[in-house]
Amino acid sequence: MTTQPTQNLHEESYARLMRGVKELDLCGPSAPSDLVLIGDHAFPLAMNSQGQVIMAASLYGRGRIVVLGHEGYLTAFPDLVENAVTWLGGDGSDGSVAVHQQVKAVADNLSKSKLKVEVVGGFGLNLGAAVYVTDAYSVAADAKGLVAFMKAGGGVLIGGQAWNWAQTRPKDNVLLLFEGNKVSGVAGIYFSERAAEVERLPVPPQIPSSWMTVVIGKDFEDDLDFLLQGVSEFEIPGGLLASEVMVHGPLAFPIGTTSDGQAFLAGAYYGQGRVIVITHEGLMGRETLFQFWKNAIHWLDEGRNGVIGVGACPDSSCFNLISNWCNCVKTDFREDLSVFVCTAYNGDHLEEIQNFVAEGGGLLVGGHAWYWAQTHPGQNTMTDFVGNKLLNKMGLSLLGNIVGNGCYKPPVPKQAMKDTYNFRDLLHRVVCHMSKGEELEKKEEECLRKLGADCAAYLNRKAYDSSSYAQVVSTLTDIVKKFGIPQVCESCPVNSPRDHLLLSVGSEVYKVCQDQDALLPFLIQNNPLLPVVHNHKMRISAATEGWEDWISTGLYLSPGMKTYVAFPAELVNKGWKIQIGCHTDYLNHSELKRAACVHEQFPVTSEMMQIWNLWGGLIYLIAPRNAQVDGAEVTVQVAVPAPYYKSGVTTAGDWSRLRTAPSPWAEMEFDNIVITVPSETVRDLERPDELAALWNAIMAAIADLAALPPKLGRKERIVTDVQISHGWMHAGYPIMAFTAAAHELVSVDSMRRGMWGPIHELGHNQQRRCWELPPHTTEGTCNLWSVYVHEQVLGINRAQAHPNVSVENRKQRIEDYVKGGKNLSEWYMWTALETYLQVQERFGWDALKKAFGAYHGMSSYPDDNTGKMNLYAETVSRAVGRNLTGFFRAWGWSIEASTEEKVKNLPPWTDHPMVQYG
């Protein structure tokens with residue numbers, strides 16, 4: 001489990017920098033610049049009531065920097081400056097400080113300290129001081145040297161403002177051209193062209209934070225004008241799946257987006273350099289984007305006409321395209337390049353590339369994260385995917401979402417700042433409206449669902465040492481405390497975009513905030529204390545193969561309740577997980593009757609783990625694939641007991657006590673299936689043994705028809721929920737059903753009257769790719785199990801088990817299908833089921849069992865439906881000892897001559913049911 005630090009490194013630095021400073025009176029003659037902060041290492045020291053940053057600090061390389069928003073502050077706050085110089089020197093400093101002659105008064109103030117102060121005419125490489133103090137206007141000639149000094153471990157204190165400079169140079173890029181930014185910008189602090197409001201500021205005990213802070217640090221109209229010149233559209237062709245890129249940094253901006261705001265192309269300033277990201281490497285060499293890539297390389301090169309280095313790419317198209325107009329070489333990363341082109345999949349040289357960009361280089365990155373996310377379940381795309389290790393600091397992050405194919409119009413530069421989506425900018429605007437009680441603008445309201453999902457993704461960065469991350473967490477925490485979250489339930493569903501956002505944000509910020517207990521009452525308002533058990537010990541056994549397996553504990557955690565679990569060493573770092581909550585469906589509905597995600601998983605990484613879930617839930621151990629464990633002891637420190645019955649283990653006496661256990665959720669575990677229902681459903685269940693016998697018989701029949709051993713390798717699960725992702729029930733692990741179906745699952749009388757739906761879903765779980773013919777039989781062959789169980793176990797004839805299997809309906813469907821020309825495009829669901837039922841009715845259930853059993857021994861099979869149809873016709877023919885190719889051809893199947901040849905020695909089935917239809 002990831003733990004949140006009680007005080008991160010930046011908080012410690014802030015405390016040292018502001019030691020003894022109780023107030024900052026800025027109401028003097030100095031008019032400071034509003035500072036823009038980017039990256040993970042820059043943090044504010046002084047912030048006014050409008051959220052404008054007036055003083056800040058940062059780290060770069062092994063060194064440090066403090067930036068004051070006006071040079072007058074270098075002498076106006078001597079205590080702060082002395083603290084800053086001491087901090088900048090580091091713990092091993094000899095106290096030597098060089099002060100530029102333009103700010104000689106600083107040296108006079110410091111002369112009373114123990115520091116060794118020297119006034120110098122400028123910065124030199126032979127400077128022996130540990131700290132250099134200067135104004136922002138005297139560093140132009142020394143910028144590279146100062147950056148190298150800082151990178152090697154030196155400290156820089158710099159003061160100045162850029163708003164006056166910007167007024168005299170309205171067409172110049174303040175971020176890159178203002179002298180002070182050539183040093184401070186490398187460390188993620190920029191003097192902006194905006195003047196900051198002055199006031200008397202109390203010094204807070206922690207790093208200041210405000211939701212009012214303006215996030216966008218630049219108007220990107222000039223950048224978009226340059227990049228989009230001659231570009232009429234962006235095409236993402238079919239067959240190419242791009243990811244979405246989240247734009248969240250103050251100096252990051254979208255360039256190409258879909259109609260619903262998903263960005264697939266974006267740019268950013270980082271330090272003194274620039275970066276562009278395209279979310280599929282296959283787009284980097286496309287001729288249709290020739291003009292854009294030409295513009296992009298020139299924008300990244302910034303007129304240097306330097307060497308463009310192209311790293312390892314999937315093919316040579318990118319190199320060939322770029323080499324048409326510039327000096328381009330294939331090379332691994334090296335520092336003498338002007339622009340480096342690479343994919344998002346190589347983790348080499350990450351820090352060197354980040355420094356390369358910060359110090360003025362250009363970077364073009366191509367790649368997607370969706371495939372990585374799909375193939376690395378349980379891992380964090382925002383932090384573990386190598387592309388994001390490179391890009392997160394630059395204000396861009398690749399998401400696991402897929403962007404749809406199509407042609408998309410580029411933004412109109414003059415409208416871009418109003419129309420395009422920046423996560424933190426939109427969050428700022430939404431919070432501003434909500435805090436002031438104002439209605440959201442239509443554009444903002446349309447983005448609220450996306451904003452909620454992006455909040456979850458951004459918070460998943462877990463960048464606890466990043467001030468910008470801490471500010472987002474603080475902002476969201478304040479919003480939750482002010483407005484609470486909707487107390488969503490079946491009788492109080494969530495419908496509005498605003499409530500959707502609050503529900504999503506509340507769920508996610510709880511996971512990362514540093515004081516969860518203080519936040520919990522704002523999230524869960526009705527949270528009664530339930531009786532608990534202490535130090536509950538369990539013996540765990542598992543023998544999995546190609547699947548994960550849930551192991552029930554019979555324990556429950558209330559919402560927000562924390563407990564510790566002790567594991568034996570043999571389970572630690574072996575792929576085991578602990579899960580709270582069985583309701584694993586992710587909901588994406590406009591109306592929610594519960595939060596979208598209400599379960600939590602924690603990888604078992606130590607012998608003692610703390611676990612919790614905002615929404616509470618039953619506790620499970622998740623056994624990994626190919627686990628072999630027998631009798632490992634696991635201890636849960638404190639938890640709520642649940643009604644939990646396990647056939648063959650729980651006695652009648654045990655059950656009379658357990659069925660009244662306080663957990664709101666109960667589990668009934670039988671030989672081959674586990675049923676999870678609201679506890680109230682089983683409070684009056686007196687004979688669980690009878691229920692177990694019936695479910696055991698049903699599951700034995702399920703396995704029998706599938707030609708599987710009587711004991712399944714993994715028990716099936718059915719979980720009931722107030723709302724599920726789709727349908728009335730759906731297959732999977734677990735099978736999900738609405739709570740309204742709970743009684744049907746635990747009442748013997750109800751079950752014996754028929755239970756088509758649950759068996760239908762269990763049938764889905766038995767379907768196999770090798771013989772399934774999607775989409776035709778997807779909702780058809782699963783019903784073979786429904787028919788079989790009803791007839792063999794429940795004693796209900798197929799005609800009575802479901803109306804669609806009545807004699808009349810079956811006959812009518814066949815006639816309609818024949819009249820339609822036996823077109824396979826109409827061979828779906830009930831019509832497809834009829835084909836299999838006709839074989840069963842003539843040759844018995846054993847025919848299907850033998851056929852399914854034969855597939856278990858196959859190591860290869862066709863992927864296309866025609867090939868699978870022919871293989872099935874051959875397999876069933878061999879199973880029954882008859883040539884059934886004519887029968888399947890009569891149903892419109894494309895039976896090939898080679899298949900007929902394989903079974904030509906078997907007697908043909910000439911009197912099959914379709915003969916009468918010609």
Side-chain angles (χ1 to χ4, degrees), residues 1-11 14 37 40 43-44 47 49-51 53 202 204-215 246 248 250 382-383 423-437 440 448 451-488 494 497-525 527 559-562 595-598 600 610 612-616:
M1 174 182 175
T2 301
T3 57
Q4 299 101 359
T6 56
Q7 186 181 51
N8 64 38
L9 295 176
H10 294 155
E11 289 288 357
Y14 173 79
L37 310 186
D40 287 343
F43 57 96
M47 180 183 291
S49 58
Q50 284 76 47
V53 178
Q206 285 86 35
I207 293 174
S209 175
S210 172
W211 58 264
M212 295 185 68
T213 300
V214 177
V215 175
M246 181 195 291
H248 56 80
M382 293 292 284
T383 58
F423 161 66
R424 289 188 60 204
D425 176 54
L426 179 62
L427 177 62
H428 164 77
R429 288 187 278 127
V430 168
V431 171
C432 187
H433 284 305
M434 291 175 64
S435 297
K436 295 177 181 178
L440 297 175
L448 287 188
L451 181 61
D454 283 351
C455 280
Y458 184 85
L459 291 175
N460 218 20
R461 284 188 62 203
K462 299 180 180 177
Y464 298 112
D465 283 340
S466 165
S467 177
S468 59
Y469 178 85
Q471 179 163 306
V472 172
V473 173
S474 175
T475 297
L476 295 176
T477 302
D478 289 345
I479 286 298
V480 168
K481 286 183 175 180
K482 182 172 183 178
F483 296 101
I485 67 171
Q487 300 302 292
V488 60
V494 164
R498 179 182 179 275
D499 283 349
H500 267 276
L501 176 66
L502 285 172
L503 184 60
S504 174
V505 164
S507 301
E508 297 301 327
V509 78
Y510 179 78
K511 298 176 184 178
V512 300
C513 74
Q514 295 191 32
D515 192 351
Q516 293 175 325
D517 293 339
L519 188 61
L520 185 61
F522 297 94
L523 304 174
I524 306 292
Q525 294 175 9
N527 195 13
M561 179 180 177
K562 295 180 173 68
C597 180
V598 292
E600 284 288 346
Q610 187 183 46
W612 46 264
N613 180 13
L614 171 62
W615 306 105

Partner set under salt bridge (Lys or Arg N to Asp or Glu O under 4.0 Å) for Asp515, not counting sequence neighbours: none
Min side-chain heavy-atom separation [X]-[Y] under 4.5 Å:
X	Y	value
Leu427	Leu476	yes
Trp612	Lys511	yes
Val472	Arg424	yes
Leu426	Arg429	yes
Leu502	Ile479	yes
Asp40	Asp465	no
Leu614	Ile524	yes

Output yes when a side-chain donor or acceptor of [X] lies under 3.5 Å from a complementary backbone atom of [Y], and no otherwise.
X	Y	value
Thr475	Gln471	yes
Ser507	Leu503	yes
Gln487	Leu523	yes
Asn613	Val598	yes

For the student: nearest non-hydrogen atoms of [X] and [Y], plus distance:
X	Y	value
Met47	Pro208	CE-O, 3.7 Å
Cys513	Val473	CA-CG1, 4.3 Å
Ser468	Ser466	OG-OG, 3.0 Å
Met382	Ala457	CG-O, 3.2 Å
Val512	Lys462	CG1-CG, 4.5 Å
Glu11	Ile207	OE1-N, 3.2 Å

Pairwise distance CG(Leu459) to CG(Asp454) - rounded to 0.5 angstrom: 10.5 Å
Interatomic distance, Leu9 atom CG to Phe43 atom CZ [nearest 0.5 angstrom]: 9.5 Å
Ring pair (Phe, Tyr, Trp, His ring centres under 6.0 Å) partners for Tyr458, two or more places apart: His248, Phe423, Tyr469
Trace of the side-chain contact (heavy atoms from CB on, under 4.5 Å) decision for Asn527 with Leu520: CA-CA 10 Å; Asn527 195 13; Leu520 185 61; 4.2 Å; yes
Pair Lys562-Gln516, side-chain contact (heavy atoms from CB on, under 4.5 Å): steps then yes or no: CA-CA 10 Å; Lys562 295 180 173 68; Gln516 293 175 325; 2.9 Å; yes
Identified side-chain contact (heavy atoms from CB on, under 4.5 Å) counterpart of Leu501 within the set Val494, Ile485, Val430: Val430
Residues Thr477, Val480; criterion side-chain contact (heavy atoms from CB on, under 4.5 Å); working and verdict: CA-CA 5 Å; Thr477 302; Val480 168; 5.8 Å; no
